[in-house]
Structure formats: structure tokens, C-alpha cells
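This report concerns only the one structure given below.
Chain letters run A, B, ... following the sequence lines, proteins first and then strands; every chain starts at 1.
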Amino acid sequence: MPLLVPNQAPPEGYYAQNLRAVVDTVCHQYADLLTSDETYFANSALALSEPALRLLARLLSRTKTYIRLDSLSYADVGDVSKALHELSEADLISLDASGEASEILNLLTVTELKATFAHSDLKGRKSELIETIRARHDDMTIRVRISERQPWLHVIASQVFEVFCLLFFGNNMQKIEEFVIRDLGVTRFEAYEMDPAFRLFRDRRAIDRYQELQGLAETVESLGKTVTAEDAEDICRSLMTPEEDRVFELRRSRILNALGRNLERVNEHELALRCYRSSSAHPARERMMRILKKDGRVEVLEEVRAEILDGPRSYEERQFALRFAKPRTPQPTIELRESLAPTDEVASIENFAAQQLVDEGCQAWHLENLLPNGLFGLAYWDWLYASVRGSFVHPFQTAPLDLYWPEFFEVRQDTCEDPLAKPEELKARILAIADTKRGISSQLVAWSVLSRSLLNTILGAMKTEQIQGLLRIVTEDLRQFRAGFPDLTVVDQQGVIAFVEIKGPGDQLRPNQRLWIERLMQAQFNVYVWRFR
DNA sequence: AGTGCCCACG
DNA sequence: TTCACACCATCAA
DNA sequence: GATGGTGTGTCTCGTGGGCACTGT
Ligand SMILES: [Mn+2]
């Protein structure tokens, strides 16, 4: 029986308990790195009376930070106005009618706006209405007039609480709602070990820098191709120093790559080159080569090419350096089937092709990367959730933090058994883990797609060496081979497995797709491209 | 009156 | 709010 | 065929209420 049931009252004090858990954990882990504001928030929150903490938990779970008082009706809080005053006394919320006029005006409905700011000519969309009101009254008048009818509060603690969530989850995407999703039973998480002494953020600088990088990413994103040289200079100044932490460094490099790409679009080649030069992430050097080619700077181009070949960052980067701006060299030939494209509209060309294979007597599924990722995730389940310092930092993870980093296998090989060492047991191992772990969230295993019978059929159609071969490819480079797998997995009437990449008119193989196909052919799989014209 | 979006909620 | 992929336009050989 | 640009599906769920907006 799950802790929470939709539309049924949660256990007494449930949301407050979640809030307390986050604040407690962060305080224990990061007490010495918190600013005075953050420490103050933690102390005052933990010192609140139970009703006030319950109310605060609700307020912090709202998406907006300005909230109408008449929208607060929480039975488990009891005396709401008493709790409000307590929160206000603790400076966790403000009751003194603060805020931007436009934001506050948005708290009212159209009807209320018209009633509160009675003008005969108020009409149009709500946004236009608000503009009109703002043009006629100053902010103070607006606030006063609304607060007389519809008092509201501002959740001061919101910003600081975001930092607490960042420290708790180690990222800006997961929020405190994770608790609810888990307690409803929607997601189950593996019972991995965590080291409470481990810190994702080493020092205060790391916390601040994380947020700074987030801001820069947003700026670059929002500027897009309206970016000017001055903008870029500004942003670059904050991005030119390599980060010590590799996660930060990857983040920095990706922002530089995005900025560089935008600069290319506005023909700022020199600035773009500077961004790419400072970046340590693919495709920075690829973009450099393209720019240099365009500008006819052959010598520098060759220098970059040599640099890549000397230490390629990925298989794809190396492949690009080998082939770019060079006479065409033959590539391994791939079996090709060709058909006419369906005349009438179909939902997707992949499903159309799959249906045709079914009509021919085969079994066919559109699985793409879900198959290799799923098989790897199952065969290496214990590797994924092994106790490795720093790989798990909170209870809501679906993969270890170092999954896509080079030392993933190295740091686990002493404690985990290599599934490939006993190839004859692979099939049974994968099926057994699928049975025992079914439903537990994994970044690699899509349970809804990989049913027991599907796994049975597919694994049954693969020879032991083929399963081993497939996993060898994936484990060669988890990052590279997490994408590019052929669209369809097919088992024919003789029980022979094949993989098919479907190409509609005007679509062609991408480098990672070609790479997967070549590897699969080497591993003795039937693979072909099915092109519709 | 109908439709579709946003948001709180469990 | 990303990532992987398909689709589409354009250009060149 | 190469390249660049854009669109789509995907979300850790499902539901219900309130609201804006549209059309009669
Ligand atoms: Mn395809």
C-alpha cells in the first residue's frame, strides 16, 4: 500500500515532513558552505511550529511566489492566519503587499480586474487589460487598491529554498515533488547506497558557479542568433577559464559551443573560433574546421585536423577529421532494400515498414536505442547501482552520476562480476534481472517497452556470441553507443534476428547510425537499410 | 456554451 | 527543458 | 551527398477545477 493515494488525504504532516527532510539533509551535509541567508532560512524553518511548517511546505510547492490569501485552505494547518503571521514574523513570507504591478494584477481574474479598476472602456485580452491599467495607475495605487480587496503574500523563502533543492538533488531539474511521485508509487527507486559525507559541491564557489553557468546558458539560449559581438565578449569573459570539476567543465564547454554556433550564424567567425578553442567538448573542433574551410585558412585547418587525430575526443570526431575536406574514400557497403514510399499519409514510416514486415510473416518492433540500452542496463544492473563513492547523492536517481564517464567500468571491476566473462549465462542473467527488478526506475531500461515476452523472443533469437557482441559494442563507449541504433528489431519466421534502419525520402544515415551498423555487421548480425522513395 | 490550458493536489 | 531523430531546403558536383 | 535549419516526441502520473478565450 503506497504512502499516498491520489485524492485521499495524505498522512498527517506529510508535506512538512518532506520539507524537513530536505532542509535537514542539506544542513548536515553543507552547513559550513551556506550563506547567512541560507542558514537563517534553515534555522527559522526548523524552529517553526508544526502548523506553520505545514503551511510553508505548501507555499513552497506552489509554482508562483505571489499567492492570494483566499487560495489558502489547508485543513491540516488549522488556523491559517496564525500560521501566516508566524511565517511573516520569521521573514519567510511577506504580507505587506509587495511585488511588481503586472505580477500582482495577474493574480486577479478578468472580472475582478474590471470591478477593481472600473473603467467603462476596459476590454480586450487580459494582457492588454493589464497594460491599460498599468498605464493609468502607478504601481503603488495598484497595490493598495488590490490589497484592499484581495490581499496576497510573497514567498520570500522561495529563492533560498531553490538553493536547498539544488544542494539536495545536485541539479536544478528535480524538485521536492519527487517525494510525492515516489510515495504515490509511480516510480520505484533502486535501494543503492549513499555516502552522507560525500559532497557534490566542494566549496561555496562551486555552488555559486553552478548557478552562474546556469544563468549564462539561459542568456546564450535566449539571445540566440540575435547575439552581438559585445554580448559575446561579455559572456566569454565569464567562460574562458577551464573548470577544475569535469562536470562543470562539460557544462562550460557546451555553453561555449552553443555561443559559438550562434556567432557563426551572425558571421562572427573570429569570436566563434575563440569560443570553440576554449571549449573541450565535441563538436568544438569540428566547427573550427568548418569555419576555417569556409574562410580558406588551410594551414590552420590542417593544424586542427592534426590535433584531433592526435587525441580524438570521440569516435565521431576522429571520423570527421579523417574525411572532412578530403577526396571521398570508400566506406563499408551496407545492404540496401528499396521500396516506394506509401502514397497515403502514414503515422510514421517506421511503423509502416514494421507492419509490412509483419505482413511478410516476421515479428518487428520499433525499439531504436531502447534495445541496446535496455540489454546493457539489465546485464549490468549490479554495476549500475554498485556502491561507488560519489555516484549516488540522493534517493531519487535512475542512474549513477558517473555512468557516462570513462572510469565507469574501471572503478567497478573489482567489486562487480563481468557478465561477458560467462557468455553462456548472459541470456538467463538478463531475463532473471528483468524479473526481479521489473518496475524499478533505470535510465537505461524502458520497462513499458521491454516486456518479459519481448525480451524472451529477442534474446531467444540471438546466439550467445551475438548477445555478447552487442554488449561489447555498448560497453566500448557508453556515450557513443547510447544513440544511433537501427529503428527496427526483426525476428523472421526461421527465428533469425535482424536490425533495420528505415529511411524515408530525404533522410540519410547519420554518422552514429553508420557506426552502429558497421559494428553490428562485425558482430555477425543481419543489418540493412530500408529506403523508401 | 464549448474548448483547451494551467495549476494544485495526492 | 534536453536529446535523439526525422524532415525539409539549399547548394554543389 | 553535404550542410544547415526546423519540427516532433518525450517527460516521474492522472485528475479536476478554474480560468481565458471564442463563438453563438
Ligand atoms: Mn530511421
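A search for salt bridge (charged side-chain N to carboxylate O under 4.0 Å, His left out) contacts involving A:Arg54 returns A:Glu12, A:Glu50, not counting sequence neighbours.
Across all strands, A:Gln508 comes closer than 4.0 Å to base atoms (heavy-atom distances). Nucleic acid contact class of A:Thr63 (heavy atoms, under 4.0 Å, all strands): sugar-phosphate only. As judged by a 4.0 angstrom heavy-atom cut-off over every strand, A:Asn369 is placed among residues touching the sugar-phosphate backbone only. As judged by a 4.0 angstrom heavy-atom cut-off over every strand, A:Ser61 is placed among residues making no nucleic acid contact.
Residues A:Ser441 and A:Phe320 both approach DNA chain D. Their nearest nucleotides, taken by heavy-atom distance, put A:Phe320 toward the 5′ side.
Rounded to an integer number of Å, the gap from CD of A:Gln397 to P of D:dT12 is 15 Å. In this entry the distance linking CD1 of A:Ile517 with P of C:dC5 reads 11 Å, nearest Å. Following rounding to the nearest Å, A:Leu509 (CG) and C:dC7 (P) show an atom-to-atom distance of 13 Å. Computed from coordinates, the A:Leu113 CG to D:dC19 P distance equals 12 Å when rounded to whole Å. A:Asn351 places its CG atom 12 Å from the P atom of D:dG9, with the value rounded to the nearest Å.
To the nearest whole angstrom, the two P atoms, one in D:dT10 and one in D:dT6, are 23 Å apart. Rounded to whole Å, the separation between the C1' atoms of D:dG14 and C:dT2 comes to 24 Å. The gap from the P atom of B:dT3 to that of D:dC11 amounts to 28 Å, rounded to the nearest Å. Using C1' as the reference atom, C:dT1 and D:dT15 are 24 Å apart when rounded to the nearest Å.
No side-chain N or O of A:Ser147 forms a donor-acceptor pair with one of A:Trp152 less than 3.5 Å apart.
A ring-centre distance under 6.0 Å is not found for A:Tyr14 and A:Phe179.
Aromatic ring orientation, A:Phe396 versus A:Phe189: perpendicular (interplanar angle above 60°, classes split at 30° and 60°).
In this structure B:dG4 sits in a base pair with D:dC19, meeting the Watson-Crick or G-U test at under 3.5 Å.
Counting only heavy atoms from C-beta on, A:Glu218 has its side chain closest to C:dT1 among D:dT12, C:dT1, C:dA4.
Listed by first then second residue, pairs satisfying side-chain hydrogen bond (donor to acceptor under 3.5 Å, both in side chains) with a partner in residues 281-290 of chain A read A:Glu264-A:Arg287, A:Arg285-A:Glu307, A:Arg285-A:Glu317, A:Glu286-A:Arg290, not counting sequence neighbours.
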